[in-house]
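The structure appears below as structure tokens.
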Protein chains: 2
Amino acid sequence: MVSVSPCPHGYPGEACIVCKVRHISVCAALSATELSALDELAQHVRFSQRETIFLQGADADWVYNITGGVARLYTLLPDGRRQIVGFALPGDFLGLAMGKTHPFGADAIEQVSACRFSRTAFSLLIDRKPHLLRRLHEFATHELSLAQDQMTLLGRRTAEEKVIMFLLGMRERWTRLGSASVTVHLPMSRQDMADFLGLSLETVSRTLNRLAREKVIILVPDGVRITDLERLIRPVAA
Amino acid sequence: MVSVSPCPHGYPGEACIVCKVRHISVCAALSATELSALDELAQHVRFSQRETIFLQGADADWVYNITGGVARLYTLLPDGRRQIVGFALPGDFLGLAMGKTHPFGADAIEQVSACRFSRTAFSLLIDRKPHLLRRLHEFATHELSLAQDQMTLLGRRTAEEKVIMFLLGMRERWTRLGSASVTVHLPMSRQDMADFLGLSLETVSRTLNRLAREKVIILVPDGVRITDLERLIRPVAA
DNA sequence: GCCGTTGTTTGACACGCATCAATGCCGGCC
DNA sequence: GGCCGGCATTGATGCGTGTCAAACAACGGC
């Protein structure tokens, strides 16, 4: 069950690391007054593990900003095949597509907390604040560029390259969030990775374990430690 | 060699079909004064068959709007593998990513003509005209949604489904441009289709010819005629 | 006309990854 | 503590595509 409450996030300079991320990514474009206006609009919501955030095709009533946990975004084919189009980490936005309905579904991999704004309120705010729109547009074109990289990965990379690039990609995203850990946190299941990379879960598992046997990575619960970055990167670039 | 001249395009209501497309897609957000300001900025350019429009990683100095012909957009891996991330038809925009450099390369499949604006001038225009930015943002999120569909196609569809969806997708795009023909125009080579669908050119050729043998399509020079839409659609949805 | 070039078709074969299946591991719960 | 359900691992096997190769068609140049 989703729990709802006023959003308790802070502002840049305050203690909350997650919310710092959020403000850097979008709200930097807003004045203090506008930020507090946004604050009044915002609701804090929580989703438990495996809970659906929104379904593919559902009306897009809310815009979400993840403040904790990881969500998976996916499209489903009628026969059950699934493609995960992305993972949403703290700081990421969800439901920004301008259409009336969500083009993909989203659910919580671990417990997820998020700030939620009504789409209409958000839309009004955008109309009054062009600079915020510009920020959103940059975000969207960045996402587009990532999606095109992912198309190259899905269409033209081998299984091993896919897995390696996934690990490096996740590492980069976590370090960007300020996690200084050498271990890359991977809360998603093998099946999730497989559906993201266009592989079977068995191939993901085999590849991961082969890399571990070759001492390039070390498998740990809910993650991997990258021990030999050189050997990881070279076969990908070549 | 690229040929450059002042852009001769017209406005909505005038004869030029290609430019009508262009104005519907973006310039509808502009006033008549702004349109003519844009006109003065615009250059008309032509690229001959196989000519490069811009290279992956090159400085993004120009924004292009295709007015005739078809271009392919692609990323290259160091070892020569190629992924075509999209085909640009008349009316489409190129080089809109906000970054300093192009994240993908583009070249002309047939002879291509386009309107070209300097990025800085275009950027200034955007700053003065929020509504235009909104239009661009909608365009970008639409592209993002298409890219996610393509990810699903690349990761989870079989070769036959890929080819069928490509044909239906191209048909939809041409009909949207007002081409009433029953024949889908396909100016790209088998290799181009293969690199778009994550297949080998032989698999594309075999699949196309099998569909023709099953009398679902008819192969014609530079295109196909879809004769049995029912049988084409059913296996895709299922 | 003929030939060289470029793209397409078709066949034979190989291989990477999916599929099927069995076992192992771990955490939750009664 | 022991059972049970979900996820991960590992092996055996098969199939869908890729790869290699040869023949063919279309086209332009001389």
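Excluded from the calculations below are hydrogen atoms, water molecules and symmetry mates; all remaining heavy atoms, backbone and side chain alike, are included. This is a predicted model, so every value here is computed, not measured. Each chain gets a letter, A, B and so on, in the order its sequence line appears, and its residues count up from 1.
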Partners meeting salt bridge (Lys or Arg N to Asp or Glu O under 4.0 Å) with A:K215 (sequence neighbours left out): none
Whole angstrom value for the distance that separates C1' of D:dT19 from CG of B:L199: 14 Å
B:R190 with B:E202: basic N within carboxylate O range, under 4.0 Å: no
For atom CG of A:L197 and atom C1' of C:dC17, their distance in whole Å: 14 Å
Any N/O donor-acceptor pair, A:E202 side-chain to C:dC20 base, under 3.5 Å: yes
For atom CD of B:Q191 and atom P of D:dT17, their distance in whole Å: 17 Å
Side-chain ion pair, B:R173 and B:D92, N-O less than 4.0 Å: yes
Interatomic distance where NZ belongs to A:K162 and P belongs to C:dA18 [whole Å]: 7 Å
Separation of atom CG in A:L154 from atom P in C:dG16, rounded to whole Å: 20 Å
D:dG11 base / A:R206 side chain donor-acceptor hit below 3.5 Å: yes
Euclidean distance, atom CG of residue B:L186 to atom P of C:dT8 [Å, nearest integer]: 11 Å
N/O (side chain, B:S205) to phosphate O (OP1/OP2, C:dT9) under 4.0 Å: yes
Nearest-nucleotide pick for B:N209, side chain only, options being C:dT9, C:dT19, D:dT10: C:dT9
Note: A:D192-A:R72 ion pair, threshold 4.0 Å (strictly below): yes
Nearest-nucleotide pick for B:S189, side chain only, options being C:dG7, D:dT19, C:dC17: C:dG7
Per A:T203 side chain, nearest of listed nucleotides C:dA18, D:dT19, D:dT10: C:dA18
Closest listed nucleotide, where the reference is the side chain of B:L201 and the choices are D:dA8, C:dA18, C:dT9: C:dT9
Between C1' of D:dT17 and CZ of B:R210, the distance in whole Å: 12 Å
Basic-acidic side-chain contact under 4.0 Å: A:R176, A:E172: yes
A:R190 vs B:E160, nearer the 5' end of DNA chain D by closest nucleotide: A:R190
Length of the CZ-P vector between A:R50 and C:dG28, whole Å: 13 Å
